[in-house]
Amino acid sequence: MLIPENNIISINKAPKYVLSFQEIDRSMTMVAGGKGANLGELCRIEGIRVPGGFCVTTEAYKQITENNAELNSLLDELAGFKADERESISTVCSKIRGVIEGAVIAGDIAHAITGHLAKFDEQDAFAVRSSATAEDLPTASFAGQQDTYLNVIGRDDILKHISKCWASLFTDRAAIYRIQNGFNHRKVQLAVGIQQMVFPQAAGILFTADPVTGNRKVSSVDAGFGLGEALVSGLVNADNYKVCNSHIISKKISAKKLTVVAMKGGGTREQEIEPERKNRQVLTDRQILQMERIGRKIEEHFGCPQDIEWCLTNNTFYIVQSRPITTLYPVPENSEPGNRVYISVGHQQMMTDAMKPLGLSLWQLTAFRPMFKAGGRLFVDITDNLSTPLGRKAIIDAMGEHDPLIKDAVVTIVERGDFIKPAQNNKEKQPRVKSSAGKSFADIQAQIKNDPAIVADLIKSNQLSVNELKDNIQTQSGAGLFDFILEDGQQSKKNLFVPQNMSAIMASVDASSWINENIKKWLGEKNVADTLAQSAPNNITSEMGLELLNVADVIRPYPTVTEYLQQVKDDNFLDGLVEIEGGKEARDAIDAYLVKYGMRCAGEIDITKTRWSENPGMLIPMILGNIKNFGPDAGKRKFEQGQQAALKKEEELLSRLKQLPNGEQKAQETKQMISLLRNFAGYREYPKYGIISRSFVYKQALLREAEKLVEAGVINNKEDIYYLSFQEFHEVVRSGKLDYELINQRKDEHKLNEKLNPPRVITSDGEIGAGKYKKEHLPAGAIAGLAVSSGLIEGRARVILKMENASLQDGDILVTTFTDPSWTPLFVSIKGLVTEVGGLMTHGAVIAREYGLPAVVGVEHATRLIKDGQRIRVNGTDGYVEIL
């Protein structure tokens with residue numbers, strides 16, 4: 001049927017309550033709602049056909065609902081509920097819908113609606129669609145939260161369904177969704193789109209980016225016979241076609257049993273599809289390619305990937321809706337041309353939370369290679385590494401040791417053969433990333449002198465450097481401070497990569513790899529280096545956990561101090577300690593601990609995160625847990641137990657090796673590698689401690705500048721500078737000016753980024769690389785991961801997402817998303833570890849081996865698959881978890 005074109009009306013003369021689609025554009029979300037604003041914008045794209053219609057604006061909704069005392073009382077009641085109070089929400093929502101549907105649409109509103117309906121034939125049918133102001137936004141979809149009614153005919157029926165749409169703002173699902181996403185029920189308004197019905201032979205949905213892989217170059221078309229309602233409601237399996245650069249790359253033709261069709265007098269019904277059409281391809285190849293072209297045109301207009309609803313009638317495509325795809329992870333910002341492959345920095349640094357702009361920019365400035373932002377996280381471009389055989393092997397081997405899921409995802413991309421172009425310069429460069437696997441005894445011996453004094457000297461040098469920084473930074477202020485920090489950051493980066501420092505870091509990694517490879521070959525035993533590395537000296541991170549046990553020893557004899565700490569609520573609790581018996585001793589012990597470790601916290605690579613010295617109360621649950629779970633001298637005993645386990649294992653291995661052919665030589669080489677491992681294993685944690693120590697000095701100086709800006713009235717709160725990049729903060733200090741809209745915008749962006757799930761690997765096309773573990777040899781039902789610390793342990797799973805919420809008993813198994821060094825004090829209370837993120841040399845793995853805890857990391861969705869309190873078995877030797 002023909003779709004009438006609406007007359008264009010000047011917006012200044014438009015009725016207050018109704019606007020035609022042609023009068024609306026994307027800036028009018030608060031008037032027309034998300035759907036209405038997008039429909040108006042679609043009408044402006046040349047060559048895109050949109051069924052005619054109009055929008056009943058939010059002004060009409062306000063007029064009907066604003067001064068309704070009963071409704072306002074119910075909204076007050078609804079505002080007090082949490083998302084899990086579903087029964088109460090349902091009861092109140094039902095009453096709200098009754099009030100709204102019972103309100104009469106009369107006067108100017110009814111007159112305006114009737115006036116626009118008069119432009120159509122009396123027998124024309126319409127789709128009546130809800131259009132909320134918090135819907136189809138770039139940051140929130142709200143798709144399917146409000147109702148749509150099809151094939152509505154006649155003025156009275158249309159008015160009735162407009163009321164139903166208004167009421168659908170308070171379906172249970174819509175109200176719960178708003179509560180979960182922090183939207184105020186009163187601030188979300190509803191417009192209603194009245195759009196002339198198209199009675200299609202086919203309908204469906206077009207995504208201009210693949211919703212499964214995220215690939216922005218692949219369009220995905222779902223298609224079914226009849227009205228699109230059958231697809232949206234999940235009533236039928238749709239055909240699916242994938243198109244890339246005007247080529248159909250895949251087709252899935254589904255068996256289609258049902259369709260939804262319009263009834264003559266209004267409404268819709270389900271209808272069986274004739275047998276000869278059930279397995280027929282819905283769209284021709286020509287139509288599929290035409291659909292891709294339409295999608296790219298709409299995407300170009302809106303400036304981001306789109307989720308588009310379409311209908312096909314009389315061989316013409318009509319677009320009935322388009323909204324942003326809000327579930328795609330952003331592509332890293334990089335100006336380099338061509339295909340690129342990025343790996344996540346957060347998965348390597350054990351911190352996958354979104355970072356604020358100041359934290360992101362400072363980590364970028366001090367990083368040893370360029371990093372690119374996306375979704376509040378950082379990524380490294382490894383394309384150049386992958387473009388040569390030597391570089392490709394080096395990075396794939398290194399990722400295999402570090403995070404097998406990253407390795408598998410990268411290998412999958414490389415094996416396609418068409419994504420990464422070989423480097424034009426055929427000369428192989430020395431790869432930046434080196435693997436420890438397969439190194440010979442002679443190579444490792446030649447790398448560094450096996451002298452424990454080297455580590456002592458490196459630690460002393462770093463401490464002197466940080467103390468010098470603390471003195472020198474006191475003399476800096478204003479714009480000069482920023483130049484000073486930049487220069488110091490570059491110098492400390494150079495110091496990190498001096499040969500002796502790098503050799504000391506790699507010595508234990510290489511020794512561990514050599515021991516594991518050779519002992520498995522000679523004696524058939526896996527991962528023995530895990531035991532041999534227990535209680536290695538000079539490990540600043542494992543010492544942090546043991547020294548908090550010592551703090552508990554100081555407090556334990558004073559029950560009044562323990563009782564005081566159990567009641568702590570404010571940040572200044574240390575001041576009150578001195579008035580209690582034993583309080584001075586307790587405070588001195590905590591203060592001494594903070595001097596050494598106060599710069600640490602969860603997510604410490606983000607400078608904006610609150611440090612322990614900024615909020616010492618974060619340590620209290622761990623101190624109280626240590627008092628409850630352990631006796632005196634537990635720290636000393638744990639360290640000695642680890643030493644004894646390592647020594648016993650060494651003696652056993654050397655004895656067995658001597659029984660083999662060439663046994664004396666094998667034993668001698670192994671003994672030297674064990675010595676190298678123990679002399680240098682602890683130092684691997686120290687460079688990160690040094691980096692975090694320096695960044696905390698920077699932070700304190702930057703906050704002093706922020707306080708000056710607060711005093712000058714430039715910013716409201718000193719923490720607002722966290723939402724500026726380092727360079728932007730520098731400019732604000734220089735100019736004394738700030739547009740606060742930027743801060744507000746960044747705060748909104750950060751809230752959105754916090755909800756995103758960062759990928760391990762992503763390409764410049766937006767495709768998410770998803771690696772997999774090989775599961776052939778796992779027990780039935782086991783959850784695969786990476787074995788990083790040997791042993792088998794059973795116990796109660798404690799699923800903990802935030803360190804400050806930890807309540808552990810001796811013998812629990814910690815299950816969490818990731819751990820960084822700040823989690824170490826919890827490791828003294830647990831018997832095993834399971835994390836979603838990590839590799840052989842990331843924090844949780846290193847400290848688990850140090851403490852002798854069986855550990856499996858890289859267990860995808862562990863915190864969802866394992867429930868708090870379940871009994872589980874962790875196999876840290878073979879890399880899997882069983883739920884018992």
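Bear in mind the structure is a predicted one, so any value in this text is a computation, not a measurement.
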J.: Among residues at least two apart in sequence or on other chains, which ones pass side-chain contact (heavy atoms from CB on, under 4.5 Å) with I253?
T.: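 Once residues adjacent in sequence are excluded, the partners of I253 under the side-chain contact (heavy atoms from CB on, under 4.5 Å) criterion are D239, Y241, K251, K256, Q281.
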
J.: For R296, check side-chain contact (heavy atoms from CB on, under 4.5 Å) against everything at least two apart and list the hits.
T.: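 Testing R296 for side-chain contact (heavy atoms from CB on, under 4.5 Å), a comparison that skips the adjacent residues, returns T208, S219, E292, E299.
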
J.: State which residues pass side-chain contact (heavy atoms from CB on, under 4.5 Å) with L289; sequence neighbours excluded, sorted by chain then number.
T.: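 Once residues adjacent in sequence are excluded, the partners of L289 under the side-chain contact (heavy atoms from CB on, under 4.5 Å) criterion are V243, I248, R293.
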
J.: Could you tell me which residues satisfy salt bridge (charged side-chain N to carboxylate O under 4.0 Å, His left out) with D25, sequence neighbours excluded, listed by chain and number?
T.: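 D25 satisfies salt bridge (charged side-chain N to carboxylate O under 4.0 Å, His left out) with no other residue.
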
J.: Just say parallel, tilted or perpendicular for the rings of F54 and F120, cut-offs at 30° and 60°.
T.: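 Ring orientation of F54 relative to F120: tilted.
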
J.: Between E728 and R746, does any side-chain N to carboxylate O distance fall below 4.0 Å?
T.: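 R746 and E728: salt-bridged.
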
J.: Using side-chain contact (heavy atoms from CB on, under 4.5 Å) as the criterion, list what pairs up with N68, not counting sequence neighbours.
T.: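 If we apply the side-chain contact (heavy atoms from CB on, under 4.5 Å) test to N68, skipping adjacent residues, the hits are E70, L71, V99.
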
J.: Run the side chain to side chain donor-acceptor pair (under 3.5 Å) test against Y61 and tell me which residues pass, sequence neighbours left out.
T.: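 Per chain and number, Y61 pairs via side chain to side chain donor-acceptor pair (under 3.5 Å) with no residue.
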
J.: So, using side chain to side chain donor-acceptor pair (under 3.5 Å) as the criterion, who are the partners of Y329 when residues are at least two apart?
T.: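 For Y329, no residue satisfies side chain to side chain donor-acceptor pair (under 3.5 Å) once neighbours in sequence are set aside.
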
J.: What residues, two or more places apart in sequence or in another chain, satisfy side chain to side chain donor-acceptor pair (under 3.5 Å) together with Y149?
T.: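 If we apply the side chain to side chain donor-acceptor pair (under 3.5 Å) test to Y149, skipping adjacent residues, the hits are D147.
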
J.: Output a table of donor-acceptor pairs, distance under 3.5 Å, between side-chain atoms of residues 151-164 and any protein atom two or more places apart or on a different chain; print 'none' if there are none.
T.:
from	atom 1	to	atom 2	distance (Å)
N151	ND2	M263	O	2.7
N151	ND2	G267	O	2.8
R155	NE	T114	OG1	3.0
H161	ND1	D157	O	2.8

J.: Can you list every pair that meets side chain to side chain donor-acceptor pair (under 3.5 Å) and has a residue in residues 82-102, with sequence neighbours left out?
T.: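 Checked against side chain to side chain donor-acceptor pair (under 3.5 Å) - neighbours excluded - the pairs reaching residues 82-102 are S90-D172.
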
J.: Going by atom types only, do Q306 and S322 share a side-chain donor-acceptor pair under 3.5 Å?
T.: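 There is such a pair (donor and acceptor under 3.5 Å, judged by atom type) between the side chains of Q306 and S322.
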
J.: Checking F207 now: which residues fulfil ring pair (Phe, Tyr, Trp, His ring centres under 6.0 Å) with it, not counting sequence neighbours?
T.: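 Ring pair (Phe, Tyr, Trp, His ring centres under 6.0 Å) check on F207 returns nothing, list empty.
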
J.: Can you tell me how far apart CG (L756) and CG (D353) are? Round to the nearest 0.5 Å.
T.: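 Going from CG on L756 over to CG on D353, the span is 12.0 Å.
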
J.: Quick one: side chain to side chain donor-acceptor pair (under 3.5 Å) partners of K217, sequence neighbours excluded?
T.: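 Checked K217 against side chain to side chain donor-acceptor pair (under 3.5 Å); matches are D765.
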
